Amino acid sequence: MTAWTVLLLALALSMDALAVAVAVGVGLGRISRRQTFRLAFHFGLFQALMPVAGWAAGMTVVRFIGRLDHWAAFGLLASVGGKMVWESFRHADEKGVGADPTRGLRLVGLSLATSLDALAVGLSLSVLRVVVWWPALTIGMTCAAITAGGLHAGGLAARLPRFQRWAEFAGGAVLVALGAKILWDHLAGG
C-alpha cells in the first residue's frame, strides 16, 4: 500500500470526525486549548486503534477467504463508503450541545461513533495482508489534526450549513473509489 493510498484512506476516514468536530465547534462557540486537545486526541486515538482491532480480527479469517480477498476488501470499503455517501443526503436534525462534548462519556461516544468505519478498513487491510501499524498511525494522526482544525472552523460551518454534508459525501466517495481501485488492481494484475 503506497503512502498516497494510506494518506487518502486517512483523509477519507477523517471526514466523519471533521463533520462532528465542526458541529461541536459551532455548539461550543469559544474553544479552549484543552477542549481542542481532548477532542483531537480522543478522535485520533480511536481512529488509530479501530483499524488495529479490525486487522487483528481479520487475521483469524484471512486464510479462509484467500481467493476472494479483493472482493471482500472492495465490499467492505464500498459498503462503508456507500453508507457515508447515503447518510450525506439524509436530513439530520440540528442537535444542540448542552454539556461540553469534549468531556466524559459524550466524548467517548463521539470518538467511537466517528471511528467505526475504521474497524472495517482494518479488516480490509488484514484481508489484503497489509501490515496495519503504519496505516493506523497515519490515520490517527491525520484524524487528530483534521479534528483540531474542524473544531476551530465550527464558526465558519455555521455560515455554510451544507459543509458537513459535503465532507461526509467526499469521505464516502473516496472510500468507494479506494475499494474499486483495489478490485481493479487485482483483476487487471492477475
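Side-chain atoms are counted along with the backbone in the values below, which use heavy atoms only and exclude waters and symmetry mates. Everything numeric here is computed off the predicted structure, so don't read it as measured data.
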Are [X] and [Y] in one and the same hydrophobic cluster, where Ile, Leu, Val, Met, Phe, Trp and Tyr link if side-chain heavy atoms are under 4.5 Å apart?
| X | Y | value |
| --- | --- | --- |
| Val6 | Val130 | yes |
| Leu137 | Leu128 | yes |
| Trp133 | Leu125 | yes |
| Leu18 | Leu7 | yes |
| Leu11 | Leu45 | no |

Please give me the minimum heavy-atom distance between [X] and [Y], naming the atom from each residue.
| X | Y | value |
| --- | --- | --- |
| Gly54 | Ser126 | O-OG, 4.3 Å |
| Ser115 | Ser111 | OG-O, 2.9 Å |
| Phe43 | Val20 | CZ-CG1, 3.7 Å |
| Leu123 | Gly58 | CD1-CA, 3.1 Å |
| Ser14 | Ile146 | CB-CD1, 3.7 Å |

Looking at [Y], is its backbone amide N or carbonyl O close enough to the side chain of [X] to form a donor-acceptor pair, meaning the two atoms are under 3.5 Å apart?
| X | Y | value |
| --- | --- | --- |
| Trp134 | Ala3 | no |
| Thr142 | Ile139 | no |
| Ser32 | Gln35 | yes |
| Thr2 | Thr5 | yes |
| Gln47 | Leu13 | yes |

Mind checking the [atom1]-[atom2] spacing from [X] to [Y]? Nearest 0.5 Å is all I need.
| X | Y | atom1 | atom2 | value |
| --- | --- | --- | --- | --- |
| Ile31 | Thr36 | CD1 | OG1 | 6.0 Å |
| His152 | Leu39 | NE2 | CG | 9.5 Å |
| His42 | Cys143 | NE2 | SG | 12.5 Å |
| Leu119 | Met50 | CG | CE | 5.0 Å |

Hey, are the side chains of Trp55 and Val121 touching, using non-hydrogen atoms and a 4.5 Å cut-off?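 The answer is no; the side chains never approach within 4.5 Å.
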Charged N to carboxylate O under 4.0 angstrom, Arg34 versus Asp100?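 No, no charged N to carboxylate O under 4.0 Å.
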Checking Phe41 now: which residues fulfil ring pair (Phe, Tyr, Trp, His ring centres under 6.0 Å) with it, not counting sequence neighbours?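 Phe41 satisfies ring pair (Phe, Tyr, Trp, His ring centres under 6.0 Å) with Phe37 only.
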